[in-house]
Amino acid sequence: MIVPRIALLAAALTSTCSVVAFAPHTSTTCTIGRSQSRLSTTRASVSLDTPQNSEDVNTSSSSTSTNDNNNGAANNNNGPDMEAYSNGYATVFEELPYKECKPIDGKIPDDLIGTYFRSGPAMFTAGSIVPPKQSLVQPKTQPVPDGADMDRMVSHPFEGDGAILGVTFSAGATNTASTRFRFVRTAGFTNERKKGKRLYAAMDSTRELGPQAAMGLGNDLALPLYRHHLQPGLNKQRKNTSNSRAFYWGKRLITMWEGGLPYKLDGLALSTEGRSQLGGVLQETDPFGGKGVIDSKAQRALFYSVNQNPKSSDVTLYEFNENFRPVQEKGGKVQTSFSGFAMISDFGVTENYAVFVQPNTVANGMQYMFNKEPGKVVALEKGPSTLHLVARVTSSKPSKSFPIPTDGAAADAELQFCNAYEDDTGRVVLDAIRSDGSNLSGSSTAPKWPWASSLAQYTATTPKKSLWRYVVDPKSGVVEKELLSNLQCSFGVVNPAVSAQKHRYIYTTIGAMGSEVAPPQGIAKFDCETKETQTWMPNDNEFCGEPMFATRQGASQDEEDDGYILSVMYNGSAKESELIILAAKDIAAGPIARIPLGVAVPHGLFGCFTDAEEARWDGDTIDRRAKLADKMESKGNMWNEVKITAPVAGVRNWSRRLSQHDRCNGY
């Protein structure tokens with residue numbers, strides 16, 4: 001095991017805040033304090049509620065375990081290396097069809113078996129992957145380095161074309177992982193690939209509004225509130241980059257993006273099979289949501305779509321069984337309407353409800369009619385957001401909506417849902433990371449690539465984020481909210497085994513500056529019962545992505561944290577990426593294995609881990625499938641219509657019809 005690093009505790013803001021709303025009145029109580037620690041390059045002196053020991057500093061990384069309510073975080077003495085961080089917004093010019101990877105430190109646990117998938121933007125200069133050499137369709141201009149031709153650069157990292165990383169741990173593959181990385185062949189990706197230039201710029205006017213858009217949330221550098229152009233359907237204004245989330249369910253892998261159909265991918269080679277209508281459930285023009293949630297107890301997967309209009313928005317909730325087919329109850333979907341323009345980009349699931357939070361927005365009907373640019377059409381206003389409880393297809397309870405009490409900060413407008421559940425009294429509990437843009441009071445100038453080369457630039461474009469708990473009583477209409485952790489955090493996840501059930505632990509990325517705004521860098525584990533926080537922080541030039549809980553074979557069902565945390569860590573100095581593995585029980589101990597991936601994976605978004613029997617492919621099978629995928633594309637996939645029937649040993653036959661590009665299939 002890698003030697004654990006010394007703990008350095010950041011000066012973090014201690015804040016406990018509870019807000020209770022009683023219809024029609026609201027009362028708020030809030031207490032704020034500050035806890036500080038002295039930092040040294042060689043030793044750390046820590047004074048918290050419980051005694052701590054000073055230890056020698058190991059400059060490679062730092063870790064913390066504390067039960068103090070200030071949630072003190074491990075802190076790099078010099079703060080994050082922002083030049084190294086900005087290097088993580090770099091186009092991947094060469095895909096990785098297959099690579100056998102071994103750890104440079106530690107050992108891959110034998111009881112870690114399954115596949116990890118993660119999505120994210122990876123092409124910031126349009127047309128950077130040319131068509132196969134055999135193709136008759138070739139661009140007039142060849143790929144250029146990022147920044148060489150600004151007309152080809154996207155205006156915001158979220159506009160980058162999506163790619164997906166796959167890492168498989170198979171039984172018998174001693175201390176070895178099978179890695180691949182490919183772009184999703186969306187319609188937009190394919191069109192720009194053929195032309196060798198940028199064709200979709202409808203979001204530029206919104207991105208040019210800079211960090212002040214939508215009270216600091218509209219153009220958040222990591223994950224903006226404004227996700228897509230408002231022109232509905234398939235068109236040149238709304239480019240579906242399929243860059244936000246990888247989701248595996250019912251032996252199918254899809255990538256998702258808010259506002260367009262998901263794309264179906266082959267789980268082995270990560271080759272794109274086309275837009276998916278989920279077995280005919282969706283229409284080609286449906287504005288499908290960017291989030292899927294698994295009900296671990298009922299073994300169902302839930303999704304949503306939102307048809308947005310200035311006066312009223314239609315919301316559809318979809319529910320699928322373990323075979324990825326609509327459940328029988330009510331045809332597998334519930335339709336409802338939310339008053340006003342619903343800026344929905346996340347949701348949670350409980351036994352009886354789907355939980356949505358609708359920001360307090362106002363839409364300009366005239367602008368919506370003529371241009372549909374989100375920055376001109378939709379404005380976020382101060383005032384309470386609305387929490388919607390939408391009854392599921394199996395629920396006998398009515399759907400209800402409640403205002404969320406305000407607390408003096410920005411509205412509860414951009415929540416990253418960690419998990420939701422119903423407690424023993426029937427109250428709905430939702431844990432989420434909340435963005436507060438009130439810290440953005442500087443220039444309204446939109447940042448240009450490389451977007452965040454200094455901490456000052458990053459803090460001017462990124463809102464404060466913290467972990468909150470929302471509790472709603474459907475009977476009384478009382479809504480409470482509580483600050484759980486004031487650390488700058490992102491990408492909150494729980495063990496998938498307790499998804500839609502009561503959870504104890506939440507895992508997040510955290511910044512290196514405690515409660516102050518800084519890019520995601522380390523990993524934290526928050527105990528909802530004891531309020532204890534464990535943290536681990538890498539070097540100042542290394543940055544972790546979403547922490548994903550991975551099941552341990554033979555894990556105890558009574559121990560929620562009996563498993564592993566996986567995260568892609570980007571080294572901005574070496575411009576390389578590793579997959580790190582941590583024991584979920586002891587985050588503060590740091591990685592037990594570090595695996596170079598063979599590709600510099602840009603800062604990504606959301607992923608998943610599956611230990612399903614069919615997702616434990618061995619390396620030879622993955623390698624053969626990857627070679628077949630390359631062969632299929634070189635022979636004409638997306639360029640000429642062909643029919644492929646190719647048996648592969650140990651893998652089901654491929655037999656499907658491929659069209660010129662981005663066909664839409666039933667599944």
Side-chain angles (χ1 to χ4, degrees), residues 156 158-159 200 202-203 205-207 209 213-215 217-220 223-245 256-262 275 281-292 302-318 333-348 354-381 383-390 399 401 404 411-417 435:
H156 188 283
F158 188 72
E159 305 302 323
Y200 304 88
M203 286 294 292
S205 62
T206 293
R207 301 306 181 205
L209 296 176
M215 297 173 62
L217 308 183
N219 290 319
D220 180 1
L223 195 63
L225 177 65
Y226 294 142
R227 303 284 175 89
H228 58 75
H229 196 272
L230 302 180
Q231 180 68 37
L234 300 174
N235 54 77
K236 292 184 179 180
Q237 308 302 315
R238 183 182 292 204
K239 181 187 179 185
N240 182 349
T241 56
S242 204
N243 66 3
S244 302
R245 187 177 301 271
M256 306 175 69
W257 177 83
E258 185 70 38
L261 289 186
R275 291 196 311 275
V281 173
L282 304 176
Q283 300 299 314
E284 284 202 57
T285 57
D286 279 348
F288 200 60
K291 172 76 172 284
L302 289 87
F303 306 90
Y304 69 92
S305 65
V306 183
N307 277 292
Q308 300 164 318
N309 283 288
K311 294 183 178 180
S312 179
S313 300
D314 297 325
V315 178
T316 303
L317 179 67
Y318 305 93
K333 64 181 179 181
V334 172
Q335 295 177 305
T336 187
S337 294
F338 295 166
S339 178
F341 197 97
M343 294 286 290
I344 301 293
S345 56
D346 208 333
F347 79 124
V355 186
F356 297 90
V357 172
Q358 179 183 355
N360 182 30
T361 60
V362 60
N364 185 318
M366 189 66 68
Q367 289 285 350
Y368 181 80
M369 183 181 300
F370 288 107
N371 64 49
K372 295 181 173 57
E373 297 174 12
K376 296 180 179 180
V377 172
V378 186
L380 183 63
E381 295 193 336
S385 296
T386 303
L387 191 150
H388 300 283
L389 300 179
V390 178
S399 298
S401 300
I404 300 176
D412 302 270
E414 179 68 347
L415 300 184
Q416 294 180 27
F417 287 43
S435 295

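- Judged by distance alone, with hydrogens and angles left aside, the side-chain atoms of Asn364 form a donor-acceptor pair with the main-chain N or O of Met366 at under 3.5 Å.
- Between the Thr206 side chain and the Gly375 main chain, a donor and an acceptor come within less than 3.5 Å of each other.
- In this structure a side-chain-to-backbone donor-acceptor pair under 3.5 Å is missing from Ser385 to Val357.
- Panel note: side chain Glu284, backbone Arg275; no donor-acceptor pair is recorded below 3.5 Å.
- Residues meeting the side chain to side chain donor-acceptor pair (under 3.5 Å) test with Asp346, sequence neighbours left out: Lys291.
- With hydrogens and angles ignored, the 3.5 Å screen pairs a side-chain donor or acceptor of Asn243 with a backbone N or O of Phe158.
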List the steps, then state whether side-chain contact (heavy atoms from CB on, under 4.5 Å) holds for His228 with Trp257.
CA-CA 9 Å; His228 58 75; Trp257 177 83; 3.4 Å; yes
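- The aromatic rings of Tyr318 and Phe288 sit tilted relative to each other, their planes meeting at an angle between 30° and 60°.
- Side chain of Tyr200 to main chain of Glu159: no donor-acceptor pair is present (N/O by atom type, distance under 3.5 Å, no hydrogens or angles).
- At distances below 3.5 Å, not a single donor-acceptor pair connects side-chain atoms of Gln308 with backbone N or O atoms of Ser313.
- Shown here are the salt bridge (Lys or Arg N to Asp or Glu O under 4.0 Å) partners of Lys372, two or more places apart in sequence or in another chain: there are none.
- Not one N or O on the side chain of Asp220 forms a donor-acceptor pair closer than 3.5 Å with the backbone of Leu217.
- Put simply, the residue from His229, Met203, Glu373 that forms a side chain to side chain contact (heavy atoms under 4.5 Å, CB included) with Gln237 is His229.
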Using the rule given for side-chain contact (heavy atoms from CB on, under 4.5 Å), can you reason through Val306 versus Phe356, listing the C-alpha separation, both sets of side-chain angles and the distance that settles it, and then say yes or no?
CA-CA 11 Å; Val306 183; Phe356 297 90; 5.8 Å; no
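- Between His388 and Phe338, the ring-plane angle classifies as parallel under the 30° and 60° cut-offs.
- Residues satisfying the salt bridge (Lys or Arg N to Asp or Glu O under 4.0 Å) criterion with Glu258, sequence neighbours excluded, are absent altogether.
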